Amino acid sequence: MAKQYWLMKAEEEAYSIEQWKKDKSIFWDGVRNYTARNFMRDQMKKGDGMFFYYSNGKPSGIVAIGEVVKEGYPDHTAFDPKDIHYDPKSDPKKPTWYMVDVKFVRACKQIVGLDLLKKVPGLKNMKLFKESRLSVSPVTEAEWKIIMKMIDAQ
DNA sequence: GCCAACGTTGGC
DNA sequence: GCCAACGTTGGC
């Protein structure tokens, strides 16, 4: 299958790129939305590219580039009553929630803000704008290339 | 901090 | 299975 591209959101207070840089590879736990879950469980493949996006930021935008290194597997935080993402309805024998591992590739010199992304004609159909509440969303190859160029030009 | 958008829950 | 109420996300 051809390489695919994704955009994944986190709040800076929840997980920062400085932390990611240190950790190198992380599991993307805590997603509790079926659409996002389906992308992680069924579609994300090893080697796929991803943009790390700060939501609820000042401003919000893309801050780093990563790569999928482990394909969908059960999100164990759903089984832990002490975890904030605990979901008693997820059965370890038949897990409801899945996650992937993503490794840090590089940080943007500066944030590629949402306001900037919105101004680019080639990006006007981005899923990010249309389904703004989705924490994992697909990025087309054309969109990926445009954004990579914006990052390289920084 | 407000509020629009939208997913989820639960009563019927 | 409908739909109102409620909760969450995320831009501003």
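Chain letters run A, B, ... following the sequence lines, proteins first and then strands; every chain starts at 1. Excluded from the calculations below are hydrogen atoms, water molecules and symmetry mates; all remaining heavy atoms, backbone and side chain alike, are included. This is a predicted model, so every value here is computed, not measured.
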key: A/Asp29: partners by side-chain hydrogen bond (donor to acceptor under 3.5 Å, both in side chains), with sequence neighbours left out   = none

request  = For residues 72-93 of chain A, pull every pair meeting ring-ring contact (aromatic ring centres under 6.0 Å, His included), keeping only residues two or more places apart or in separate chains.
outcome  = A/Phe27-A/His76

request  = May I ask you to decide whether A/Lys22 forms a salt bridge with A/Glu18, counting only side-chain N to carboxylate O separations under 4.0 Å?
outcome  = no

query = Between the axis at one end of the helix from B/dG1-C/dC12 to B/dC12-C/dG1 and the axis at the other (five pairs apiece), what's the angle to 10 degrees?
reply = 10°

inquiry  = Taking any heavy-atom pair under 4.0 Å as a contact, classify A/Tyr54: base, sugar-phosphate, or nothing.
reply    = nothing

inquiry  = Is there a side-chain contact (heavy atoms from CB on, under 4.5 Å) between A/Asp23 and A/Ile26? Walk through the geometry before answering.
reply    = CA-CA 7 Å; A/Asp23 295 342; A/Ile26 48 162; 3.8 Å; yes

task = State plainly whether the residues A/Arg32 and A/Asp75 are in salt-bridge range, i.e. N to O under 4.0 Å.
result = yes

remark   = Sequence neighbours excluded, the answer for side-chain hydrogen bond (donor to acceptor under 3.5 Å, both in side chains) partners of A/Asp115 is none

inquiry  = Let's go through A/Leu117 and A/Val112 carefully: what are the C-alpha distance in whole Å and the side-chain angles of both, what is the deciding distance for side-chain contact (heavy atoms from CB on, under 4.5 Å) to 0.1 Å, and is it a yes or a no?
reply    = CA-CA 7 Å; A/Leu117 294 170; A/Val112 181; 3.6 Å; yes

May I have the list of side-chain donor-acceptor pairs in residues 39-62 of chain A shorter than 3.5 Å, sequence neighbours left out?
| unit_1 | atom_1 | unit_2 | atom_2 | d |
| --- | --- | --- | --- | --- |
| A/Asp48 | OD1 | A/Gln4 | N | 3.1 |
| A/Asp48 | OD2 | A/Gln4 | NE2 | 3.1 |
| A/Asp48 | OD2 | A/Trp6 | NE1 | 3.0 |
| A/Asp48 | OD2 | A/Lys45 | N | 2.9 |
| A/Tyr54 | OH | A/Ile17 | N | 2.9 |
| A/Asn56 | ND2 | A/Glu11 | OE2 | 3.0 |
| A/Ser60 | OG | A/Asn56 | N | 3.3 |
| A/Ser60 | OG | A/Gly57 | N | 3.1 |

Every protein N/O lying under 3.5 Å from an N/O of nucleotides 3-10 of chain B:
| unit_1 | atom_1 | unit_2 | atom_2 | d |
| --- | --- | --- | --- | --- |
| B/dC6 | O4' | A/Arg133 | NH1 | 3.0 |
| B/dC6 | O2 | A/Arg133 | NH1 | 2.9 |

message = Applying a 4.0 Å non-hydrogen cut-off, can you work out what A/Lys118 is touching in the nucleic acid: base, sugar-phosphate, or nothing?
response = sugar-phosphate

